[in-house]
Amino acid sequence: MANRWINLPALTTLKSVDEASDSCHCLAPMAPDRDFFPPVMPAVTEAEVARRLHKATAHPHLSAQLATALFTAASTTQLDTAHVGDLGPDGTTITLHDHGLRQGCTTHPVPAWARPLLRAAAYAWSIETGMNGPLFSDPWGSTGQPYLTAFAESCARPSHHAPSIAVQKNATTQSPQQAETTIWPVCTAHYRTAWATAEPDLMRGCPYPPPHTRKTIDRRKKGWLPPDYGLRHLR
């Protein structure tokens, strides 16, 4: 997958219109207990995403923030609520807060591929300041770093160092595929109520996250997904 563009449904809600929230120290329930299940990446996509994030930047907080967006389908506002203390001691859970506007304060399991990234971000704060600072911010105050959406788009692009493929004599060659332009929708798809915000769902052609209906929730808890899970062209 090194020479493929990666589209991830979990990032369709990254630019939601949440309001900023104060620091929270609650004991939030696990996401499945709130009947919330973010989109799941196939194993081959997960492996390629992990590979790219490990090579994308020397700043661990950037890779950790994007990784968290992928396995939580959180918005940038929710991601900004995470502090070092919200990451479990062994890096297997992380708590995000929103005071009930969306799912409510929720603890998410951290998949194995993302744990080194989140622990590296936490260690950076511990090494530099020893304080419980915002997990996805730079404790060294570096400048010129990309915004999360720009960083996500750069990671989604095909690798410039993909293995070359020998071309047979007289074979026709194709021009490199043009990079896709990412459209970041302003989405309210994961809000508790449709009237939680006056802003409409400006998806602009991007797919909505898979539905979190009672049927999908019940069957997901049993360990499998129904055949009508998600949009038809994404199955």
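- Met41 is listed as a side-chain neighbour of Trp113, based on a closest heavy-atom distance under 4.5 Å.
- The backbone N or O of Ser137 sits less than 3.5 Å from a side-chain atom of Trp125, completing a donor-acceptor pair.
- The two residues Thr57 and Phe151 have their closest heavy-atom pair at CG2-CZ, 3.7 Å.
- Considering only heavy atoms from C-beta on, Leu8 comes within 4.5 Å of Thr45 through its side chain.
- Between Glu48 and Arg51, the shortest heavy-atom distance links the atoms OE2-NH2, 2.8 Å.
- Side-chain contact between Pro60 and Leu118 is absent, with no heavy-atom pair separated by less than 4.5 Å.
- The two residues Ala121 and His61 make their nearest non-hydrogen contact at CB-CA, 4.0 Å.
- A pairwise comparison of heavy atoms in Leu135 and Ala122 identifies CD1-N, 3.7 Å as the closest pair.
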Practice task
Test side-chain contact (heavy atoms from CB on, under 4.5 Å) on His59 and Ser142 and set out the steps.
Solution key: CA-CA 9 Å; His59 296 284; Ser142 304; 3.6 Å; yes
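- Heavy-atom minimum distance, Leu96 versus Ala74: CD1-CB, 3.6 Å.
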Problem - Verdict with supporting geometry, His108 and Met30, side-chain contact (heavy atoms from CB on, under 4.5 Å) - result: CA-CA 6 Å; His108 297 266; Met30 297 296 295; over 6 Å; no
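- Partner of Phe71 under the side-chain contact (heavy atoms from CB on, under 4.5 Å) criterion, out of Pro109, Pro38, Pro111: Pro111 alone.
- Using a distance-only test at 3.5 Å, with no hydrogens or angles considered, no donor-acceptor pair links the side chain of Thr107 to the main chain of Ile94.
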Exercise for the section: Test Arg52 against Ile6 for side-chain contact (heavy atoms from CB on, under 4.5 Å), laying out the working first. Expected result: CA-CA 11 Å; Arg52 294 190 188 187; Ile6 299 180; 3.7 Å; yes
Handout entry: Derivation of the side-chain contact (heavy atoms from CB on, under 4.5 Å) call for His54 and Leu117
Key = CA-CA 8 Å; His54 275 281; Leu117 300 173; 3.9 Å; yes
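- Counting heavy atoms from C-beta outward, Pro134 and Asp80 have side chains that stay 4.5 Å or more apart.
- Heavy-atom minimum distance, Thr95 versus His97: CG2-CE1, 3.5 Å.
- Remark: the backbone N or O of His83 is paired with a side-chain donor or acceptor of Asp86 at under 3.5 angstrom.
- No side-chain donor-acceptor contact under 3.5 Å links Arg115 to the backbone of Thr93.
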